[in-house]
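As structure tokens, the structure follows; a few thoughts come after it.
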Amino acid sequence: MRFSRYFIKTLRDAPGDAETVSHRLLLRAGMVQQVAAGIFNYMPIGWRSISKIKGIIREEMNRAGAMEVNMPVVQPRELWEQSGRADTFIPPLATFVDRRERNMVLAPTHEETVTMMAKGGLSSYRDLPFTLYQIQTKFRDEPRPRAGLLRVREFEMKDAYSFDADQAGLDRSFQAMVEAYKRIFSRCGLRVVMVDADSGAIGGKASNEFILLADSGEDTVLICDRCGYAANVEKAQFKKPALLPEIPLTVAKFATPGVKTIEQLAAFARVPASKTIKAVFYAVEGQVHIICIRGDLDVNEIKLRNVLGGAEPKLATHEEVLKAGLVAGSASPVGLPGFTVVADDSLRLGNNFISGANEEGQHLSNVNFPRDFEAEVVADIATAKAGDGCPNCDGRLTAYRGIEVGHVFKLGSVYSQKMGALFSDEGGAQKPALMGCYGIGVGRLLAGAIEANHDDKGMVLPRAIAPFEVYLAGLNLEDANVKAAADKLYDDLQVAGIEVLYDDRDEAPGVKFNDADLTGLPVRVVVSKRALQSGSVEIKHRSGAGRGELKPVGEAVAAIKAVLGE
RNA sequence: CGGGGAGUAGCGCAGCUGGUAGCGCGCAGCGUUCGGGACGCUGAGGUCCCGGGUUCGAGCCCCGGCUCCCCGACCA
């Protein structure tokens with residue numbers, strides 16, 4: 001492709017409202033254009049990258065035996081009433097009324113239609129297993145789209161759905177998708193880790209996220225570099241250090257003037273934070289609950305939600321705390337009936353704790369659980385952090401930031417049951433198919449790749465997802481010799497099957513170098529009067545510093561292939 | 001939904017105490033340049049987010065609304 005004929009306009013300055021690196025670079029390189037919050041146009045150079053990613057996904061899905069289908073973006077709301085998600089989906093479904101006054105929805109995902117599709121082709125266990133997938137537009141009216149393509153409302157997603165006769169089959173289908181995902185991300189040249197994840201409101205047993213490690217990511221994952229344990233912080237477990245056992249002593253009240261926080265309390269009492277009990281107040285369905293955890297740990301709201309059976313806990317407001325009669329800074333469940341108490345299991349790993357006395361400026365020493373108070377639930381509700389012990393080995397956990405680019409989980413029979421995707425088993429009994437679902441956000445993957453691969457000049461794209469492989473810059477094209485050499489190299493590269501963007505514009509060299517850096521194509525080739533004097537062209541990998549290597553014109557194609565990594 | 005910020009040329013921005021809108025980049029033409037966004041001359045380009053109000057006069061003041069961004073909430 002000749003730059004002069006390509007529909008592309010690069011920007012020296014990014015629009016002021018783009019702050020995230022990938023957003024700025026996508027705009028500056030002319031890859032996307034914002035239409036509305038979280039809704040984008042994709043221009044030719046951006047769409048090429050998207051298409052490459054989709055191509056890789058498609059190949060690996062097919063390799064894994066999945067079959068491509070297509071399902072509608074616009075769907076009748078009735079279908080969502082059947083699945084029970086019409087009013088529960090978060091964010092709420094985007095809806096409209098068609099001219100026949102039918103309530104329609106814009107699909108945020110496709111479990112309903114794929115289950116319907118499966119139902120049509122499923123009657124016997126002999127029909128199973130099968131996996132269907134599509135690469136399709138979704139619309140989710142996110143409360144807060146942001147950061148360019150990282151969090152959008154309209155987006156392309158690859159979604160796959162497996163159908164099996166039994167749990168062992170589901171496990172196999174799931175594993176096949178996991179392997180496909182690993183290949184996809186690896187082929188895209190990205191460092192993606194699979195982590196244990198919270199399955200969210202949908203429930204289900206196994207759920208894994210694929211996280212692209214990047215400092216700008218909005219997710220935190222914890223990884224043990226010894227055994228490979230990896231989990232989203234929402235889900236991560238860890239070894240809670242046990243304290244030396246002590247003989248339980250008698251509870252005693254003591255004055256702690258002005259002490260409000262665990263840090264102040266530990267300093268005042270001259271004990272480590274782990275010898276204290278932290279009480280946190282959450283409003284759950286309007287009721288204030290007291291959540292107790294050892295002072296050195298923090299509450300994980302996702303774990304808390306799960307032990308509460310899915311009810312959403314919200315940190316109690318100041319007013320709610322006052323109304324409940326709790327003394328913030330000196331609270332504890334000791335001697336305080338009438339509250340639902342949830343305790344972290346860390347309270348069992350020690351004795352003679354210090355806790356609040358429920359009086360301003362007073363605390364209790366030698367509090368022992370469960371001797372001195374009761375809890376409705378005792379469970380792991382603590383947040384893991386860097387440096388904590390790995391739950392599976394003697395290693396330590398390291399924290400990384402990352403971007404969720406894929407999510408797989410085992411749905412089981414939730415949808416097949418409700419929507420009647422049933423089959424007859426060997427004994428003639430009707431059973432719901434067991435489903436798994438597997439998603440990859442295509443645009444987010446591109447944005448994530450840029451977040452993870454850029455420098456201060458622009459993108460540094462992995463070859464597999466770069467829009468072109470070579471940026472060929474002709475520097476003095478008004479010179480007939482240079483033009484002839486550049487044109488010939490352009491032709492030769494195309495004949496060799498290399499995707500090349502040929503910068504044949506009448507622009508100053510600096511402009512071309514900057515656009516080469518900005519667009520992040522893997523290899524930059526410069527044809528210039530200067531290099532041609534020695535019969536050479538310059539070849540440089542985008543990730544390399546300074547000038548590239550001079551290679552004889554006759555060896556250019558081979559040398560370019562070598563730098564490309566062929 | 002709560003908090004904060006912003007809408008003026010394609011992009012980045014300035015515009016005082018209200019007097020009829022400007023700079024840089026980009027764009028078009030001509031010329032000089034030609035290995036890191038080079039230079040000169042000429043030129044085109046505006047619903048100052050929208051609606052209402054105050055005023056002789058509003059980009060600027062007042063009222064109402066819309067859109068976008070950031071933080072949080074939220075996030076299958």
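First the proteins, then the strands, lettered A, B, ... as listed; each starts at 1.
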| Length of the CZ-P vector between Phe40(A) and C68(B), whole Å | 11 Å
| said: Let me spell it out: for each of Gly148(A) and Arg140(A), pick the nucleotide of RNA chain B with the closest heavy atom. Which residue's pick is nearer the 5' end? | reply: Gly148(A)
| Heavy-atom contacts under 4.0 Å between residues 506-517 of chain A and RNA chain B, which residues? | Pro509(A), Gly510(A), Val511(A), Phe513(A), Asn514(A), Asp515(A), Asp517(A)
| remark: Here the distance between atom P of C75(B) and atom CD of Glu404(A), to the nearest Å, is 13 Å
| Is any side-chain heavy atom of Ile403(A) less than 4.5 Å from a side-chain heavy atom of Ile211(A)? | no
| Would you call Lys483(A)-Asp504(A) a salt bridge at under 4.0 Å N-O? | no
Check the interface with nucleotides 3-11 of chain B: list each N/O to N/O pair with the protein under 3.5 Å, or write none.
unit_1	atom_1	unit_2	atom_2	d
C11(B)	O2'	Asp13(A)	O	3.0

| task | Quote, to the nearest angstrom, the C1' distance that separates G43(B) from G4(B). | result | 43 Å
| query | Can a donor-acceptor pair under 3.5 Å be found between the side-chain atoms of Arg524(A) and the base atoms of G36(B)? | reply | yes
| task | Both distances under 3.5 Å, Watson-Crick or G-U wobble: report the partner of C60(B), or none. | result | none
| message | Of the listed nucleotides (C74(B), C68(B), C27(B)), which one gets closest to any side-chain atom of Arg146(A)? | response | C74(B)
| query | If you measure from the C1' atom in G26(B) to the same atom in A38(B), how many Å do you get, rounded? | reply | 15 Å
| Nearest-Å distance for atom pair CD/P, residues Glu142(A) and C74(B) | 13 Å
| request: Run the numbers on Lys303(A) and Asp380(A) for salt bridge (charged side-chain N to carboxylate O under 4.0 Å, His left out), then give the verdict. | output: CA-CA 7 Å; Lys303(A) 290 184 181 177; Asp380(A) 168 34; 2.9 Å; yes
| Does any nucleotide pair with G43(B) by Watson-Crick or G-U wobble geometry, both distances under 3.5 Å, and what is it? | C27(B)
| message | Rounding to an integer number of Å, can you tell me how far Leu150(A) CG sits from C70(B) C1'? | response | 15 Å
| query | Which is true for Lys457(A) with a 4.0 Å heavy-atom rule: it touches a base, it touches only sugar-phosphate, or it touches nothing? | reply | base
| said: Only pairs with both distances under 3.5 Å count, Watson-Crick or wobble alike; so what is the partner of A21(B) in this structure? | reply: none
| field | Partner nucleotide, any strand, of C16(B) [Watson-Crick/G-U, under 3.5 Å] | value | none
| query | For atom P, what is the distance between C34(B) and G22(B), given to the nearest Å? | reply | 36 Å
| request: State whether a side-chain donor-acceptor pair under 3.5 Å links Thr20(A) with Ser22(A). | output: no
| said: List the residues meeting salt bridge (Lys or Arg N to Asp or Glu O under 4.0 Å) with Lys158(A), not counting sequence neighbours, and say none if there are none. | reply: none
| request: Could you go through the salt bridge (charged side-chain N to carboxylate O under 4.0 Å, His left out) check for Lys235(A) and Asp196(A) one step at a time? | output: CA-CA 7 Å; Lys235(A) 170 96 172 187; Asp196(A) 291 349; over 6 Å; no
| Picking from C34(B), C27(B), G35(B), which would you name as closest to the side chain of Glu478(A)? | C34(B)
| Expressed as a whole number of Å, how far does the C1' atom of G24(B) sit from that of G19(B)? | 27 Å
| query | Expressed as a whole number of Å, how far does the P atom of C63(B) sit from that of A28(B)? | reply | 45 Å
| field | Whether Arg542(A) side chain and Asp517(A) backbone form a donor-acceptor pair below 3.5 Å | value | yes
| Closest to the Asn476(A) side chain: C34(B), A73(B), C27(B)? | C34(B)
| field | Parallel, tilted or perpendicular: rings of Phe210(A) and Phe185(A) (30°, 60°) | value | tilted
| message | Using the side-chain heavy atoms of Arg144(A), tell me which of these nucleotides is nearest: C75(B), G72(B), G35(B). | response | G72(B)
| Pairwise P distance for G52(B) and C13(B), with rounding to whole Å | 30 Å
| request: Check whether any side-chain heavy atom of Met104(A) sits under 4.5 Å from a side-chain heavy atom of Arg77(A), and report yes or no. | output: no
| said: Expressed as a whole number of angstroms, how long is the span from Asn481(A):CG to C34(B):P? | reply: 17 Å
| note | To the nearest angstrom, the CD-C1' distance between Glu234(A) and C75(B) comes to 9 Å
| message | Are the side chains of Phe96(A) and Val74(A) in contact, using a 4.5 Å heavy-atom criterion? | response | yes
| message | Using the P atom as the point on both nucleotides, what is the distance between C49(B) and U8(B), in whole Å? | response | 6 Å
| said: At less than 4.0 Å, is any side-chain N or O atom of Gln34(A) found next to OP1 or OP2 of U67(B)? Yes or no. | reply: no
| message | Both Arg444(A) and Gly548(A) contact RNA chain B. Taking the nearest nucleotide for each, which residue is further toward the 5' end? | response | Gly548(A)
| request: Would you kindly give the CG-to-P distance between Leu550(A) and G35(B), to the nearest whole Å? | output: 14 Å
| Which part of the nucleic acid, if any, lies within contact of Ile90(A), taking any heavy atom under 4.0 Å across all strands shown: a base, the sugar-phosphate backbone alone, or nothing? | sugar-phosphate
| remark: In Watson-Crick or G-U wobble terms, with both distances under 3.5 Å, the base opposite U67(B) is A6(B)
| task | Show your working on salt bridge (charged side-chain N to carboxylate O under 4.0 Å, His left out) between Arg24(A) and Glu19(A) and close with a plain yes or no. | result | CA-CA 7 Å; Arg24(A) 295 176 63 83; Glu19(A) 292 191 5; over 6 Å; no
| field | Who pairs with C74(B) - Watson-Crick or G-U, where each distance is under 3.5 Å | value | none
| message | Could you tell me how far G59(B) sits from G46(B) if I compare only their C1' atoms? Round to whole Å. | response | 11 Å
| Arg153(A) CZ to C75(B) P: how many Å, rounded? | 18 Å
| query | Do the charged groups of Glu478(A) and Lys529(A) touch, with an N to O distance under 4.0 Å? | reply | no
